[in-house]
Amino acid sequence: MADLNQYLRLRLGEATYLLPSTTTYTIEQRDNLVANKAAEGNVAAWRALRTERIPAYCLDALLKPVRRQNWQRAVFLDAKPQAVGLIADEVELLPRTETQVVPFVPLGLPPTRNGHLFSGAWLSGKQVALVLDPKALIAYLQSLGE
């Protein structure tokens, strides 16, 4: 688990997102995971534990499930009833002192039972990174199925 004063920067395709360290997560290398070799399904890989296997999903910049092979890491979020993982092209821990996040509430109805996927934004130069809401992200990933 990361320090509570950090954000985890995730690059998914061409988009960058921040995940606050208010949730417990584990970063795994691809070599430690079991890749999904089936042609169908939303799961890119599984983290195999003694009593369960945890799915990891590969999402594009718009957070839609995609299947691609050129990835190196997955971030697994601790959750009930089951943990879930997110494939990332790049991960980096950022101290909160280097990130000034502005909270906001997106327009429209929330896409998950736990609310909107985003809770804020961070401007860094000319780039914007949306801050993912951990509970909503977990609910969204759990809804994707295998």
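Both backbone and side-chain heavy atoms feed into the values below; hydrogens, waters and symmetry mates do not. Sequential numbering from 1 along the given sequence is applied to the chain's residues. As the structure is a prediction and not an experimental result, all values here were calculated from the model.
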Validation: residues 132-140 side-chain donor-acceptor distances under 3.5 Å, sequence neighbours left out:
{"residue": "D133", "atom": "OD1", "partner": "K135", "partner atom": "N", "Å": "3.2"}
{"residue": "D133", "atom": "OD1", "partner": "A136", "partner atom": "N", "Å": "2.9"}
{"residue": "Y140", "atom": "OH", "partner": "L63", "partner atom": "O", "Å": "2.5"}

Donor-acceptor pairs under 3.5 angstrom involving side-chain atoms of residues 116-127: please list them, not counting sequence neighbours.
{"residue": "H116", "atom": "NE2", "partner": "P106", "partner atom": "O", "Å": "3.4"}
{"residue": "H116", "atom": "NE2", "partner": "G108", "partner atom": "O", "Å": "3.2"}

Full working for side chain to side chain contact (heavy atoms under 4.5 Å, CB included) between F104 and V131: CA-CA 10 Å; F104 73 91; V131 179; over 6 Å; no
V75 vs T26, side chain to side chain contact (heavy atoms under 4.5 Å, CB included): CA-CA, chis, key distance, verdict: CA-CA 6 Å; V75 177; T26 304; over 6 Å; no
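Atoms CG and CZ, on L33 and R47 in that order, are 8.0 Å from each other to the nearest 0.5 Å. One distance of note links OG1 of T16 with CG of D89; it measures 9.5 Å at 0.5 Å rounding.
Side-chain atoms of Y17 and L86, non-hydrogen and from C-beta on, never get closer than 4.5 Å to each other. D60 has its side chain out of reach of L12: every pair of non-hydrogen atoms, C-beta onward, lies at least 4.5 Å apart. Annotation: side chain of D78 is not in contact with side chain of Y25 (no heavy-atom distance under 4.5 Å). A 4.5 Å side-chain heavy-atom check between L59 and L144 finds at least one atom pair inside the cut-off. With contacts defined as side-chain heavy-atom distances shorter than 4.5 Å, the pair L8/V91 qualifies.
Between P65 and N42, the shortest heavy-atom distance links the atoms CB-OD1, 3.7 Å. Minimum heavy-atom separation, A56 to A74: CB-CB, 4.3 Å. Across all their heavy atoms, K80 and Q142 have their closest contact at O-NE2, 3.6 Å.
Applying the salt bridge (charged side-chain N to carboxylate O under 4.0 Å, His left out) rule to R67 yields no partners; only residues at least two apart in sequence or on another chain are considered. F76 pairs by the ring pair (Phe, Tyr, Trp, His ring centres under 6.0 Å) definition with nothing, not counting sequence neighbours. Qualifying side chain to side chain donor-acceptor pair (under 3.5 Å) partners for N32, counting only residues two or more places apart in sequence or in other chains: E28. Evaluation of the side chain to side chain donor-acceptor pair (under 3.5 Å) rule for Q69 yields R30 as partners, not counting sequence neighbours. Scored by the salt bridge (charged side-chain N to carboxylate O under 4.0 Å, His left out) test, E90 finds R9, R11 as partners (sequence neighbours excluded). With sequence neighbours excluded, the residues that form a side chain to side chain donor-acceptor pair (under 3.5 Å) with N70 are R68. Here Y57 pairs with nothing under the ring pair (Phe, Tyr, Trp, His ring centres under 6.0 Å) rule; sequence neighbours left out.
Applying the 4.5 Å side-chain rule to ILVMFWY residues, one finds that L62 remains a lone member of its cluster. Connectivity analysis of hydrophobic side chains (ILVMFWY, heavy atoms under 4.5 Å, direct or indirect) links V34 to nothing; its cluster partners are none. Grouped by direct or indirect side-chain proximity (heavy atoms under 4.5 Å, Ile/Leu/Val/Met/Phe/Trp/Tyr only), V105 sits alone.
One N or O on the side chain of N36 and one on the backbone of V43 form a donor-acceptor pair closer than 3.5 Å.
In terms of hydrophobic clustering, with Ile, Leu, Val, Met, Phe, Trp and Tyr side chains grouped at heavy-atom distances under 4.5 Å, L19 and I87 are assigned to different clusters.
Within 6.0 Å of CD on Q82 lie more than 12 heavy atoms contributed by other residues, nucleotides or ligands.
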